[in-house]
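Remember, it's 1-based here, ligands and their atoms both numbered in the order they're listed.
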Amino acid sequence: MSQSIIDAVATSHDISQEQLSVLLHTDDMMLVQTLFAMARQATQRSYGNKVFMRGLIEISNHCRNNCLYCGIRRDQSGLQRYRLTKEQILQCCAAGHQLGFRTFVLQGGEDAWFDDDRLCDIVSDVHAHFPDCAITLSLGERGRSSFQRLFDAGAERYLLRHETASPMHYAQLHPAEMSFDNRMRCLDDLKAIGYQVGCGFMVGSPYQTDASLWADLQFLRRFQPQMVGIGPFIPASGTPFADRPAGSVDLTLRLLSIIRLILPSVLLPATTALGTLSPNGREMGIMAGANVVMPNLSPQGFRAQYSIYDNKLASGSEAAECANDIRSRLNGLDRDASPDRGDFRP
Ligand code: 5AD
């Protein structure tokens with residue numbers, strides 16, 4: 001009976017709230033294993049054995065926002081703030097290129113110092129020096145004309161997690177000055193401009209419910225992003241949610257598989273948060289249908305300062321300089337780290 005739920009989700013690319021509840025809460029481990037296997041098959045049909053590697057460069061931990069969950073929020077005290085220079089960013093890219101990366105993700109807090117002129121200058125220099133690479137930005141909410149200028153300068157992809165598709169839940173995770181509608185406006189603008197867009201959410205964030213998760217999945221179905229980033233919530237000391245329990249690895253894996261069945265060709269990272277909560281979290285993510293890894297390419301001396309949550313991994317398989325380790329660990333899972341840019345293939 002329950003097996004038929006998985007078949008129904010896989011063929012309709014949709015899920016009812018009741019079906020979601022069963023798949024999230026069943027303690028029938030055979031059923032969960034079947035879910036993972038079906039998701040792996042869907043990944044295989046879309047991308048074969050390829051897993052795509054993205055080099056993550058954390059360009060600034062300054063942030064104007066005060067998201068209740070985030071360790072680099074504006075009110076976080078005792079945090080050394082930093083921002084990378086263009087030269088440092090280009091050096092990271094050069095090191096990454098040498099290691100075989102063909103996508104660079106420039107990620108940062110919402111730092112007003114990185115205005116359009118400065119960012120466009122950086123993006124066009126990265127583009128000119130590494131014309132065979134894709135540039136992904138993950139710099140939060142901006143105006144439409146800003147997104148357009150960055151696109152024109154050579155950025156092709158943008159990651160902006162929607163965080164939750166429930167406006168009520170959004171208001172429980174963010175201060176009143178932040179707006180769900182503006183988040184959605186940004187995502188729509190990015191799509192309209194022609195970016196490959198990534199959205200996503202944390203699993204197990206405070207106040208999350210089965211209903212809000214179902215709303216997230218409905219949003220994904222409607223929005224049809226090219227990428228979806230999900231990872232467990234992990235408490236960050238010093239934040240209002242410091243004492244909340246972390247999200248569950250198991251639930252994250254189930255959701256990765258469900259997202260894979262709903263959006264068979266989406267690019268789905270096995271995130272750092274998953275790897276932080278469990279020593280082989282990222283491997284389990286791949287076995288649940290993920291097909292992207294994003295190791296850290298930031299200068300070593302700054303990694304600890306990009307502390308969006310406690311104990312965030314930035315070494316071992318999370319470190320870009322260990323690209324060859326990562327490749328062999330993927331080979332152990334019967335996967336190959338792809339040497340190409342890893343564009344979305346509808
Ligand atoms: N735990 C897990 N993920 C977090 N993020 C921010 N803070 C945390 C946390 N405490 C996620 C958010 C954000 C992305 C950059 O990291 O979803 O969009």
Side-chain angles (χ1 to χ4, degrees), residues 54 56-76 79 105-111 136-142 157-166 169-170 172-175 178-180 182-184 186-187 190 197-208 212-213 216 219-220 225 227-249 251-253 255-256 259 268-278 281-282 285 292 294 296 298 303-314 318:
R54 322 298 199 193
L56 184 65
I57 307 173
E58 293 155 339
I59 68 170
S60 169
N61 70 350
H62 290 263
C63 193
R64 72 163 74 97
N65 287 331
N66 224 2
C67 308
L68 274 62
Y69 46 83
C70 184
I72 65 168
R73 65 203 297 269
R74 181 178 72 224
D75 284 354
Q76 186 77 331
L79 176 65
V105 182
L106 308 189
Q107 184 164 81
E110 292 193 15
D111 178 359
T136 303
L137 300 179
S138 178
L139 299 168
E141 299 177 12
R142 306 180 72 90
R157 307 178 184 156
Y158 204 103
L159 309 182
L160 181 69
R161 289 190 177 179
H162 65 285
E163 309 299 357
T164 171
S166 150
H169 187 209
Y170 191 90
Q172 294 171 313
L173 297 177
H174 301 96
M178 287 181 72
S179 123
F180 175 82
N182 195 50
R183 198 87 179 167
M184 292 292 155
C186 287
L187 286 167
L190 290 163
V197 182
C199 55
F201 54 90
M202 294 177 286
V203 177
S205 60
Y207 309 107
Q208 186 171 65
S212 73
L213 282 171
D216 287 320
F219 169 72
L220 296 182
M227 295 166 266
V228 177
I230 69 165
F233 162 75
I234 303 176
S237 354
T239 65
F241 293 160
D243 298 322
R244 302 294 184 132
S248 133
V249 169
L251 213 56
T252 306
L253 296 172
L255 281 159
L256 280 170
I259 292 169
L268 199 58
T271 52
T272 305
L274 197 54
T276 296
L277 276 196
S278 169
R282 271 196 339 193
V292 173
M294 300 173 68
N296 199 312
S298 306
R303 287 184 195 175
Q305 281 156 255
Y306 203 83
S307 47
I308 55 177
Y309 47 79
D310 293 349
N311 307 314
K312 179 166 153 277
L313 280 194
E318 289 298 334

Taking the side chain as every heavy atom from C-beta outward, state whether Leu274 and Leu253 have any pair of such atoms under 4.5 Å apart.
-> yes
Over-ring placement of Arg244 relative to Tyr207, 6.0 Å and 45° cut-offs | yes
Can you pull out the closest protein heavy atom to atom 16 (O) of ligand 1? Residue, atom name and distance to 0.1 Å, please.
-> Ile308 CD1, 3.6 Å
What is the closest protein heavy atom to atom 5 (N) of ligand 1, and at what distance does it sit?
-> Met202 SD, 3.8 Å
Atom 11 (C) of ligand 1: nearest protein contact (heavy atom, Å) | Arg161 NH1, 3.5 Å
Decide whether His162 and Asp216 meet the rule of one side-chain donor and one side-chain acceptor closer than 3.5 Å.
-> yes
Can you tell which of Tyr69, Tyr309, Tyr306 gets a heavy atom nearest to atom 6 (C) of ligand 1?
-> Tyr69
Can Pro232 be said to touch ligand 1, with heavy atoms closer than 4.0 Å?
-> yes
Should Arg303 and Glu58 count as an ion pair when the cut-off is N to O under 4.0 Å?
-> no
Considering only protein heavy atoms, which is closest to atom 18 (O) of ligand 1, and at what distance to one decimal place?
-> Glu163 OE2, 2.5 Å
When every non-hydrogen atom of Ile72 is compared with those of Asn61, the smallest separation belongs to CB-O, 3.9 Å
Distance from atom 10 (N) of ligand 1 to nearest protein heavy atom, with residue and atom | Ile234 O, 2.6 Å
Arg73 side chain vs Asn66 backbone, donor-acceptor pair below 3.5 Å = yes
